[in-house]
Structures are given as C-alpha cells and as structure tokens.
Trainee: 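Sharing a structure below in structure tokens format, with a few things to ask.
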Amino acid sequence: MSKLLEATGVVAGYGDGPAILNGADLSVHPGKVHCIIGPNGAGKSTLLKAIVGMLKVREGDVRYKGESLKGLRPDQILRKGICFVPQERALFPKMTVRENLRMGGYSITDDSYLNNRIGEIEEQFPILKERHSQHAGTLSGGQQQILSMARTMILKPEIVMLDEPSLGLAPKIVREVFEVMQIMAKEGITIILVEQNALMGLKYSDWGVVLDLGRSLFDGPAQEILEDPRIQELYLGGRKDKP
Amino acid sequence: MLEVKELSKHFGGIKAVDNCSFVAEEGRITALIGPNGAGKTTAFNCISRTMTPTSGEIWLDGERIDQFRPHQITARGLSRTFQISRNLADMTVLENIICQSKTRGWKDLLKPAMSPDEIDKAIGILDFLGITRIAHEDGSNLSYGQKKLMDLAALLMSDPKIILLDEPAGGVNPTLLDEIVNHIRRLNEQGLTVLIVEHNMDLIMQLSDKVVVMAQGKVIANGTPDEVQNNPDVLEAYLGGTSENTE
Amino acid sequence: MAELATDEILAARERYNQSIAIAVNKKRSLWFPYLVLALLLVLPALQLIGNFNYVIHLTLFTACYVVMASGWNILGGFTGYISLGHNVFFAIGGYFAGMIFARLDISTIIIAPLAGLVAAVIGYCIGLVTLRVRGPSFIISSLALVMIFRIVFENWEFIGGAAGLALPVNDLPVQWAKLPYYYAFIVMAAIAVWVSYKIKHSKFGLGLRAISKDEIKAESSGINTRLYKVLAFAVSAFFVGMAGAVWGEYLTYIRPNIFLIILISVNMVLMCVLGGKGTIAGPVIGAILIIAFNELFVATLGASEINVLATGLIMMLTLIFFPLGIVGTLAKHGKLPQFLNWD
Amino acid sequence: MKKQFIGIAATLTVLLATPTIAEIKIGASLPLTGGFSIAGSKHEQGYQLCVDLINEKGGIMGEQVNLIMSDNRSDPATAINQYERFINVDQVDAVFGTFSSRLSFPVANILEKNGFVHPLPAGGALRIYTQGHQKVFYFQPSAAEYVGATLQGILEDLVPADDKPATAAVVAADDFFANAVEAGLLGMEVMDPADGSVVENLAPGFLVDAGIEIVYSEKWPEEGFNDWLTLANSIKRSGAELIVGLTASAEEAVQITRALKTVQAEPKMVYFSQGTQSEYLEGTGESSNSVLVHTSWHPAVPFQGLLAGEPFSNQDFVKAFETAYGQAPDEDSAIPFAVCQGIEQAIMGAGSTDNDAMSAWLKARTTDDPVRTILGRFAWDERGLPKDKPFLMSQWNDGELQFVYPTDEFEGVQSMTYPKQGF
Amino acid sequence: MTLLIQTLILGIALGGVYALMGSGLSLIFGVMRIVNLAHPSLIMIGAYVAYWPFRLSNIEPMFMLPVAAIILACIGAILYRLVFEREARSAKYSEMTVLLTFALAMVVEGMLGTAFTNTQRITSPDYATEAFFLADIFIPKGQLYASIISIIIISALALFLKYSRLGYAIRATTENREAAELLGVNVNRVGLISFAIGLALAGAAGALVSFIFSFFPSKHWEWIVILMSLVVLGGMGSILGTVIGAFLLSAVAALVGTYFGATWSTLTFFIALFVVLLVRPQGLFGEKPELA
C-alpha cells in the first residue's frame, strides 16, 4: 500500500524538556481514517504536533508524498494540505462564525473562490449558516467542534488530523462529531484521529495505531486491533496495569 | 450535605444557570450530567465560588457558603478539580500537590513548606494513581491526562469531606479510568461525598447513586441512573434518542 | 504487528517510568553567606590603617540595595507581582524616620523598624486595593502609584514640599561617621536575606509561589490568596521602608525628586532580574553587580549618555539570554556553583 | 567575593593614584546625564576652560592643576559617592561644587564633614546657607529669595510711573529654585521643615512693595505637565499686566511663551526666571521680544577678574570660550568659571591647598578686597551668601539678549523696551 | 460658560495628539501582548526626524510625518526580529516584555542623548503658535491640525484591520496565536508587521508632537504614565477605546487644571489610571477578564 505520509523514528518533546516521543513511527494510507490510541502520556498529541511543525522533530523524519516536512513552519505545512484541529478547538472567539470560516481559508488568496467555498461549507453544515454572524465564542461546545472541523475543509486538504474531537462533549454530540468526520472522509480526506475513547474511535476508523512508551507498538486494520486480546487488556480497560 | 437552592448565574443576558436546585447527599455519589452548555461547570464554579452566583443559596453541612471566598470553602472540606485542569507551572508535581494540604491559622504560615509527613503522603497518593514517576516533573510538562490525575492527587491531599470532579475521565485512557473509578468508590465507602460532572455514561452508570440532569441552565430530571437513562426528556436532550441537531 | 507479551510491555513501562523520574539533588551552602557576613562585619577595621570611607560607602550603598532588592523580591520574585513603584515605601520610610529624627532627635537607626512598620501598614492598605489586578495592569498601577505619591509629597508643606527636608549630620569624627549606618545596613541586609529564606521555605512561601503561577488554582487549593499577597506586599514594603529610613539620615537630605524617581525602582527590579527573581542569592548578587557596573561606567564612560545606554543594554541582554537571572538560569542548567545556592 | 574584589581594587587605586609629581588635584562631580544634563555639560565646559587656561599660564604656584570630573547622573547618592571618592581615593586637594540644589544639599554635608571648602555654582535657596555650614561660598549674586528685588528695582527705576503694570500673574514650577523666587515675590515665610522654624519671613513681598496686585497665581508639578494652553488661557483671563513665569528650565519657559502667544495674551511686561539660553530663542523666535530674564552673568558686562594672578576680564572669557568651543558661552558656563577663579585665588591667597586656610582667606574678603571673577567681585557674609551683589536683568530684543539693569553700575547698559508689544 | 467651553476645546484638541501617541501602544499590546514602555522614547525618535529638517532647512514638520513613520517601521521590524520574536512563546511573555521594553527605553534614551544631547528641542512652524478665534473662544491651530491628522490615520488603521486580509490575520493572531498559525498565518510575520505598524504610528505621532511639546531624550518618562492611563482607560488593545480614552481624559484634565489648579490636572491621569485598573481593569472597551 502506498504511504501518503510517513513518520519514522520521530523523537520530540516540549521545549528543553525530556523527549516524549522516542522513535515513533506512523504510516498513513490515502483516503483512510486512522485512529491513534494509547495510554496517557504515550505521546499521541505530541506526535501530531511534531508532524504539523508545532514541535521540533529532534530525530527521525516525517515525509509527505516523499518530501520531508522537517523544519517547516505550521503555515508552510498547511499549504501542502495537512490540517490540524487541536484539542482546544482553536477558534477565534470574538470573530463571527463566518469570519472564522474565512480565517480557515486564509491561505487562499482568490477572494471569489474563497467566498464560494464558504458558501458550500455553509450549505453542508446548516447550523453554521444559521449562526454566521454570531461570535464563535458564544457557540456551544459541539457547535464549536463542528465549526473547527468544517473550517479545515475550506482548503480541501489532503489530510486532517483531529486531536480528541470528542473531549468534553455530551454522548449525543460525540456521535454528531464522528458523523462530521465521516462526511469528511467521504470527500476523500485522509483522517488521523487521536482518541482516548479507543473503542469508539476504532469503530469509526479503518486503521489503528497503538502508541505506548513514546513509540509505536502495534499498527494494523482497526478491526484487528479491536479484536486483539492484548490490546483489549492493555488499552481498552480489560486488565489492570497495577496490582 | 451539599444543597443548592434556586441558584442562578447570568452572563450579560445569558442565563447560564437558571434557578437550579439539587442536593448531594452525604456519603453518596451524585452525578451532574447534561449537554454542553447546560451550565454544569458554571454551577460547579458557583459552588466553589470561583464565580459569584447571581442569586440563590448554597448550603454545606447546614452552613450557608455562597458568601465565602474559595479558600474558605476549601477549608470547610469542599475541594474541586477543574475541567481544563489548572496546574502551577514551574513547580514540581509534588509541590503542586502539597500546596493543597491544609493550613490553619497564622502559625502554619511559617511552618516548613513541605514536611516529610506531607511528602510521604503525597508520594503515597501518586503511587496509588500510578504516576510516581512524574513526582519531580514540572507541572507544565504533563500531558492532558496526567494533569487530570495530578489534580485528583492534589484533591486527595486536602482530606476533603466532599469533592467536586469536573470531567475526571476526559482524556484519561480506559485502563486508568477503571482505577480512578475504583478509587473514588473506595473513598466513597469511607464516607466521602462526591459530586461529579461527566460525559462518559458508562462511568456515570457504574458509579453514581443519583443523577441530576441539567439542560439550558435548568434541572430537567433527577433520579437513579436507571430512571434517568430511560427518561424521554433526557434521551432527547442528552443521550441522543433522536437525531435533532439542537442543544 | 510487534511480537510482545503483555507482561514484557508492563515491565518495560515500569523501567521507562523510572528512567524519566528525575532524582532531585538540592545541595545548598550556608558557609558562604556567613563568611561574607563575617568579613563585612570586620571590614571597617580598615579605617584603622587609613581612610577607606569610599569602600565603606560603596559597601553600605550595596547593602542598602540588598535590603531593598530582597524586599522587592518577596513580592516581585516569590509572588510574581512586579512593582515599579516600590520607591514609594523608600520615601515613606525616609520621611517618617527623617521627621522624627529632625524633630525629636532620635536616630533613624532606632526608628527604622518602626518606619518599616509604617511602610508595611501603608503597603498593606495599598496592596488591598492594587493587588486586585495582576500582570501588566499591576505593573502600570505601580507606576501610577509613584506619580500620585510624588505629587502628594510635593504639595505637603509640613514635610518641606518639593524643596525637601534637610537633616543634620552626626558629630562623629569623619573616619567613623559612616559606621553606624554601615552596620545598620549590613544587619538589615542580613535580616532581609534570612527572612527571604525563611519565607521561601515556609507554607507562606509555597503559597506565594502558587499565587505567582495560577491564582485561581491557588485560591481553590485552600490558600487565602488575598491575605497572602497583601502580606507579601506588606513584608516587602517593610524592608524597603526600613532601608529608606536609614538612607534618609545617611544622605542628610530627603526630597521627593530624590526618593521618588524611577531610577530607584528600576535598580531594585534590575538587581532581582539580573541576579534571579525568586531566588535568595539573586538580589544580593544583582545588587553587587549593578553597583559595580555603575561604578565602572561612571569611571570609564563617565561623561556621556552612554551609561544610560549601557544600563539599558545590560538589562535587555539579561532578559533575553538569562530570563531567569544569573542564579536562576545557572540553576536551571544545573551549573550553579554550590556557594551561590542559598535556596 | 565581589565586595572583597572591589575593596582590593579600591586599595590598589589608592596606592597607584598617590601623586608622584607635584600637581593640584581638584574634583568636580557634575550632572552630565539625566535631568540636569544640559546645565551640567555647560558647567563642565566652564570648569575645564578655566583649568586649561590656568595650566597654560603655568598653573597655580607653579603646579599644574589636574581636574577630575565625573558624571553623577543628576542623582544625589551618586554625587555624594563621587565626592567621597574624590576625597578618599583620588585624594584631591580641593573640590568644585556641583549643579542644582538637589545635589548641593547632600554634597554640602559631606564636604563640611570632611572639612572641604565648598564653592557652589548653583543652589541658591536660603536653606542651604542657614544650616550652619562653615565653608560654603555661593558664587551667584544672591539667594533666590532675593531675586525679586531686582524686578522691584526695574519697576521703580525703568518703568514710567503712570504706565506701571497694576496687576500681576505669578506662575511657578513646583521646583526648589522657582519656589524660592516665588517666596520672595509673594512674601511668604521660608520654613525649615526639619524643626518647623521660620528661616526668614519675606512678607509682604517684592511685588506688593512695588505696588502691584497679584491677580492670579498657580503652580504646576515638576514632571508630566502638558496643559500649557489651559494655563496660558487662565493667565490671559486674569487680565494681569505683568506676567511672572518662574520656570524650572528654559524648556518650560519656551512652552509658556508659545502658549501665551497662541492665546494672544497682551501683558505690558513679562519676566521669566529662566530663558537666557539660546534654546529659549530657538523655541520662541520673535515671541521672545522684550521678555525679561534675570541672570548672574551677561557677556556685555565689563566685569574685571583675575586669572593666574593676571587681569582677566569677562570679555577675555567670552573670547577664550569661543576659541575653545566654537560657540558663545552663557551663564551656565560663566558661573563655574568664576567658581574656579575663586578657588584658584583662595589657594594662592592661603599659599597652600589647606582647606582651612583657604576658607579663612575667603571669609576674610571684603567688598573692597574681594575675590575678583568674571562675575564681578565677591565677598561673603557669615552664611556664605555674597554681600551687596544685585542680580542683572537681561532682555531679549530682536533675537539678542541685552542687559538692561542695573543701569548705574556699568557701561554698556541698553535701554529696556517697555511695554511689551504682544507676543 | 465661555471658560468651560474653551477648556473643553483645549482638552479635546490635546486629546487628538494623545490618541495617536497611544494608539500604537494599544495595537502592539493587542496583537502581541507587549506593553511597550519604550513607546514614548520611540515617539521621540519620530520627533527628531521631524526636527532636524525643520532646523536645517525649514522643512514643514508635517511633511516629515510619512518619513518618520517609515523609519520607525523599519526600526520596529528590526527590533522585533532581534528582541521580541524569540520571547514570543514564553509563558510570562507580557511581564517579561514590560521589563524588556523598559530597558529598551533606556537604550533609546541613551542613544538619542549621545547623538543629540539632552538639549530641549521644538519645531516652530507658524501655526504652532496661532489660533482661530471665534468671538471669545480660540482653537489652537497646531493642536487642531494634529488632531485631524491623528483621526485620519487612526480611521485608516481601523478600516485596514477590519477589511484587509492582513487585517484578518492580525485580528486572528490577537485572539488565538496558535490557531492562527495552524490556519496558515505566519504569526511571526504578522507580529513583525503589527509591531512595525505600531511603531509607524509612534513615528507619525512624533512628527506631530514635534511642534506641540518640547522634547529631549529623557522626557519620555513624563509621557509614559500619561499614555498608559489613556490606553488602560480605553481598554488595553482596543484602538477605539484608546481614542475615546484620550479625548475623555485630556478634557477632564483640562477641566481639573482650570478649576482646581495645574498640579491636579496632571494628577488626573494618574488617579484615572489607578481607579480604572481597580474598578474596571478591562477599561471602557476592553474584554471582560477571564472567569474561573
């Protein structure tokens, strides 16, 4: 299978602190939904941040379509077609919903094309159209999550990385968020998902990756991972890791 | 034990909490659930007085506490965690935790910052939560889940009578979550009262004795987990029985 | 898929955890400050073999700033409230003790603790008001405070208004005339450093550090933040006020545009920042360095604006390359010489 | 450790600096930077020129003069520190005073303690001289409190009796010097806040003496004041015919003058306490016409002084200054020059650099046997203030500072323009 | 009554100048959380840029306004690269920059002092000391022209921020630096540009100030608290707020000066700063402080 994005032996950490990732690998298959699971502190979010250039890749390499992303700034990586939706949703609370969408297409310089895209997205997500002049900060948590995901679609990116999109959302909303993710996947966007709720995450994914001890331990089709007894014991709450 | 009477909190024109009353009974685990924006966290903030309620009364152990400052409430045995966990950067996890140990009066002010007893106790708690390795780590270098655990550890340091947990399961991996659940239950058996806000319905169903459901600032249902789970209002507003896209 | 057994993974995780846990080795040295103190106490013996008034003056001046910088450090370093207006307490201490000295002829050295207390009480009251804001807002409010006090002092005729208050000179022979002030400042500096140490290692100090990191978290951890920070303000005002009291008599002239100028606040801040905010040795080292720099500049660059430039440049370079100050930055990289670790 | 290092360094400096060749060392600490830097730099030029000229002429009693100057940043603690250093480390034989009362007050105490003669080029408030210091000598005509006498003299001698200004507005900076002048003009009590005693009661004040009613008086703070137009408007509305502006610096005089012009005030007479400097003219242009400013010195006054035992007139000074610095001197360079002359004559008079002898010699001067400087003759009373020495009054006319008063003492007095024809 | 109107006019006319002096400060704080204590000393550079051509060949100070703005913008770009960029991610950034800019102010003061001495300067075009008279009331021309130019510049800036692409980027960076970066904004460049714009405003203000206040290198200490007070009153980071704060405060100060005495007119700014910080720290138009 061809690799759209491939991280090999990534070592990264925050500031001058210790390395959180100690040689993590990740292979991304075009058009698939990938779910990264693992215990706390395994470095799941760290890996995503290292890929988009928010953290320095100390060792190893990240290659996208055969080209190294190492040392590029987040805005440069974005222009190559990789979007990242961080845990804290990263909206501009005092700008309106439409202005937020507009910011999503910041790297598009053609105004009429940008306006078209905003129109299309608003069609796809009526709630955003309905509230277009409202300040983003006044939206509910679920709507904010939808906005921040929809916003990435303006660019028609190749890859979207979602960091725990379900965090702090009501069960009903979680389902909606995953449905939005499926809409994105249907448009052909490759998705990398980090999810603490591993069962749910894997259920909506094609491919699973287990990150532990700062590196990648398992990697395989989501279904296989779900059924692997060791995974169940270690990461899905089947067995206690302390006496 | 903890009684919230007709609590309201308005932000400008928005009624985040609207005339809301509920009780957390002594020695029980009460869960507060509801859709995002229902006002659960705001209610928490009002109880612990990190926000000033617009109106209403809050009683703890027969004492009205809504006029107190947060540290006075903590001193009366009510401790809380934060949804987005707050920690003291540039201080080690150990220091973060010991900060929460009780001080009383002026004499304590000049006592050593971290007595051996306190360190032992803090390490014990960290051991129990399985995060001893981060004891000397800078609080700001922790991952989301680790911060949650550190918050919980700090909470236990103060020997509270009642704890308010704001989404303790968010960002915590399932294995560890089981641990926390068991621990909370054990503490509860020793007489600790718990009020918990959580979206993880499995956890709520396993743990809680009573569930209060909030929506749009109001309490819409109140009862045992089973009752609540089958309440049509709750299904529609929260659990997603229908596919309507409103909150 | 990697072929690993669950037990192996668990064991590996355990080892991994231990490898990350950092053993903290905090060794501090106390012999060094004591040695310095002892040397300073016998330094005036130099007067027996010649006239070293200039050396005495410089040491005394440095000690005065050690008192002030250590005092400032309690609020600015431990609690994280950067005040550019602490010279207000310098002036309050100076005027209070100066007026008593002028009218009742009681030496400011005796009055100093009382003057400190007056400064502390006023500091407490000001703190109740200004400590409600933090960060840049607090810094700016402290600047405004200086301006307000300056106008008040300048228009208060009883204490001499803008023209100030001249005090009599003591009648000791010239060689010994500085010694009372010298010992007063050395003792005050020692006390200030010792108290900083005590505070830093107490519950109070831990609370202050918590406040400097996240006030809401600190409050909900059960720390009475308002009391703590106002107390910290008062304690720091106490030391600055005490220094001002004795300094007034030493200078023999108290005037708003001597005590309430921005340079004095800047010096306090710069000393702490250069030495290391929130450390014990930082303000002391900062004070010594800044005064040494000042002397050097006046001696070498004397007749030009270049010394203002150089002071600014040092401050900038420190902030850029040693944001935690000399002690703080060295400690962070584990390169702090043991004799400078008084924490 | 650092302290010991400084100690050792200082000791070494002392050892190395011990004079090996015969020279007279004189120390002067001046505010070369900070708030007083403009005046401070001019003082530096005055001192330096004088010392250079003395050395050219063979020095004092055959010994070259070594002038050690340093910058005190307009900061009193630095100033006293530097005089300490002059005395202890550099081991100077004599000192020159510093600029401004803020610095002179504490310096006076240090010098008194060390038994040094303290010649003051600036610091004219009475309170410096009423502290009982034995060796202070003021090198300007009189204490600031008495400046008003000159204004009163002008009003009586030069202004036609039927066209005298009847009302006055007195505005002053909240500054040591300005306050002192104001106290004299308005007839206030000068108090010593230290013991609450009255140093001198100046009532009823020179303006009332001259028969003028004060219709407006106002004070502005030393720093941060920008509302000049509002102030000028109030002055204008008071209808005062005499405007007295007691500013702390030429800068403030510029601002007031421009504001008065903007509001089109039309007084008969305008007097400022500062504004002889060229900066004043540059900032105000034609508005400066017929503005009166008191001064201690003026280039046209034919004062005769002594330098290195030879006659040295005020005109010689102007010439020498222009040769040395390529610009015309002003008051702030002339006064320190006179200080330097005074100390030179004191050393020669005493025959040594023994400060007690110098002080005794200076004290023994009388109006008939004075110290002769480019500021004229100096003899001091027991407080250290000059005896019988009036201020000069100068007036800006067509971009030139002319000296107009006193009229009966010297040649070359120009006639005063009166009344002022608008700004 | 005349006195009241006259006083208000004088206060408001001065307010226009303060508004421009403060707006750069406000912009820089808004976008980068830098409390630029060096702002007044940089305004001073602008004033010198206008002063020398006037002094040497009588060139109209207002013509030098764009030149001063461009020079200051370049200085801003260099300063940002050298000093502020590396600090941008530190947690205590705001507090650090207060100290940094404080030191910068000393450096600028030292450099100006070395180059131009501490002699006080002022430019004197004719209008600086002229006024329009309407019966009993006068409007000073210098202040009036300066205020009008200020308002034009500030309005242009506001439109630029609201509608241009770069304006979007600046606003987005103000609100959420990390998110803006993730959406393709080169935040460092935006920081650099807004810092440069802020300093360009300082340069423009300097050219106007050159004929209104006399200046010398160490004068900036007198300006800083006054500028801070209006920025804080308007709400840190809100440019509209700064403008309103400037007009309001200078009008009040003029009233106080006329009716209570000049000493207290200066005090107005300090007291206002103090009271605003304590009663409504977010200022008139600032965002509400974060709760819990």
Side-chain angles (χ1 to χ4, degrees), chain C residues 32 36 39-40 43 46 50-55 57-59 61-62 98-99 101-103 147 150-151 154-155 157-169 174 177 247 251-253 255-258 261 263 285 288-289 291-292 294-295 298-299 301-308 339, chain D residues 1-7 10-11 14 30 32-35 37 41 44 69-73 75-78 80-82 84-85 87-89 91 101-102 105-106 108-110 112-115 125 127-128 131-132 173-176 178-180 191-196 219 221-224:
Chain C
F32 186 70
V36 171
L39 282 175
L40 288 176
L43 182 72
L46 278 177
N51 190 341
F52 286 86
N53 260 348
Y54 178 61
V55 178
H57 168 84
L58 271 188
T59 319
F61 188 48
T62 312
M99 283 306 282
F101 176 55
R103 298 272 166 129
M147 299 297 183
R150 176 137 178 205
I151 291 180
E154 280 179 352
N155 285 282
E157 290 307 325
F158 176 67
I159 55 167
L165 171 72
L167 299 173
V169 195
V174 65
W247 186 249
L251 201 62
T252 68
Y253 190 36
R255 184 170 167 178
N257 71 4
I258 294 177
I261 50 170
L263 188 78
I285 289 163
I288 294 170
L289 286 181
I291 287 173
N294 270 346
E295 285 301 303
V298 170
L301 309 171
S304 72
E305 289 281 333
I306 294 174
N307 57 22
V308 176
F339 70 90
Chain D
M1 184 186 68
K2 299 254 155 41
K3 281 179 191 166
Q4 279 90 322
F5 173 75
I6 292 170
T11 318
V14 172
L30 287 170
L32 299 172
T33 54
S37 61
S41 319
E44 182 192 18
M69 245 181 309
S70 56
D71 173 24
N72 58 37
R73 308 173 169 203
D75 170 42
T78 312
I80 61 166
N81 175 10
Q82 291 181 346
E84 295 275 0
R85 201 179 66 211
I87 295 168
N88 297 312
V89 180
Q91 300 191 315
S101 54
R102 183 209 296 187
F105 249 115
N109 284 332
I110 293 290
E112 182 70 15
K113 185 101 215 170
N114 284 281
R127 274 176 41 203
I128 295 189
Q131 298 184 102
D174 201 352
D175 162 82
F176 200 89
N179 283 343
M191 302 267 290
D192 185 353
D195 51 12
K219 232 175 220 201
E222 226 180 333
E223 270 181 22

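So you know, we letter chains A, B, ... as the sequences are listed, proteins then strands, and number each from 1.
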Trainee: What are the two closest heavy atoms between A162(C) and N179(D), and how far apart are they?
Mentor: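 In this case the closest contact between A162(C) and N179(D) is CB-ND2, 4.0 Å.
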Trainee: I need the residue from D75(D), N72(D), D174(D) with the largest number of non-hydrogen atom pairs under 4.5 Å to chain C.
Mentor: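 The answer is D174(D).
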Trainee: Please classify the contact between N81(D) and chain C as side chain, backbone, both or neither, with a heavy-atom cut-off of under 4.5 Å.
Mentor: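 Looking at N81(D), backbone and side chain both touch chain C.
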Trainee: Less than 4.5 Å to any heavy atom of chain D: does that hold for the side chain of F61(C), its backbone, both, or neither?
Mentor: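 Contact with chain D: side chain only.
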Trainee: Please step through side chain to side chain contact (heavy atoms under 4.5 Å, CB included) for the pair E84(D) and L58(C), ending with a clear verdict.
Mentor: CA-CA 10 Å; E84(D) 295 275 0; L58(C) 271 188; over 6 Å; no
Trainee: Is chain D contacted by the side chain of L167(C), its backbone, both, or neither, given a heavy-atom distance below 4.5 Å?
Mentor: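 The answer is the backbone of L167(C).
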Trainee: Distance check, rounded to the nearest 0.5 Å: N294(C) atom CG versus T78(D) atom OG1?
Mentor: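 That separation rounds to 6.5 Å.
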Trainee: Show the nearest heavy-atom pair for residues Y54(C) and N88(D), with the distance to one decimal.
Mentor: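 Looks like N-ND2, 3.3 Å.
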Trainee: Considering only heavy atoms, which portion of R103(C) lies under 4.5 Å from any heavy atom of chain D: side chain, backbone, both, or neither?
Mentor: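 Both parts, heavy atoms under 4.5 Å.
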Trainee: Check whether any side-chain heavy atom of E295(C) lies under 4.5 Å from a side-chain heavy atom of R85(D), and answer yes or no.
Mentor: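 In short, these two side chains touch, coming nearer than 4.5 Å.
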Trainee: For the residue pair H57(C) and I80(D), establish whether any side-chain heavy-atom pair is separated by less than 4.5 Å.
Mentor: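 Counting from C-beta outward, H57(C) and I80(D) do come under 4.5 Å.
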Trainee: Going by side chain to side chain donor-acceptor pair (under 3.5 Å), name the residues that satisfy it together with D192(D), two or more places apart in sequence or in a different chain.
Mentor: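 Residues passing side chain to side chain donor-acceptor pair (under 3.5 Å) with D192(D): none at all.
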Trainee: Show the nearest heavy-atom pair for residues P193(D) and F158(C), with the distance to one decimal.
Mentor: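 Looking at all heavy atoms of both residues, the closest pair is CB-O, 3.6 Å.
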Trainee: Indicate the atoms forming the closest heavy-atom contact of A194(D) with A102(C), along with that distance.
Mentor: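 Closest heavy-atom pair between A194(D) and A102(C): O-CB, 3.1 Å.
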Trainee: Which residues pass the salt bridge (charged side-chain N to carboxylate O under 4.0 Å, His left out) test with E112(D), not counting sequence neighbours?
Mentor: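 With sequence neighbours excluded, E112(D) shows a salt bridge (charged side-chain N to carboxylate O under 4.0 Å, His left out) to no residue whatsoever.
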Trainee: Kindly compute the distance separating CD (Q131(D)) from OG1 (T252(C)), expressed to the nearest 0.5 Å.
Mentor: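 Rounded to the nearest 0.5 Å, the CD-OG1 separation comes to 7.5 Å.
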Trainee: With a 4.5 angstrom heavy-atom cut-off, which part of L251(C) approaches chain D: side chain, backbone, both or neither?
Mentor: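 Both backbone and side chain of L251(C) come within 4.5 Å of chain D.
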Trainee: What's the shortest heavy-atom distance between F176(D) and A163(C), and which atoms?
Mentor: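 What the structure gives for the nearest pair is CE1-O, 3.1 Å.
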Trainee: Sub-3.5 Å donor-acceptor pair from the side chain of R127(D) to the main-chain atoms of G164(C), do we have one?
Mentor: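 Yes, R127(D) side chain to G164(C) backbone: donor-acceptor pair under 3.5 Å.
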Trainee: Quick one: what part of S41(D) sits under 4.5 Å from any heavy atom of chain C, side chain, backbone, both or neither?
Mentor: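 It is neither, since no heavy atom gets under 4.5 Å.
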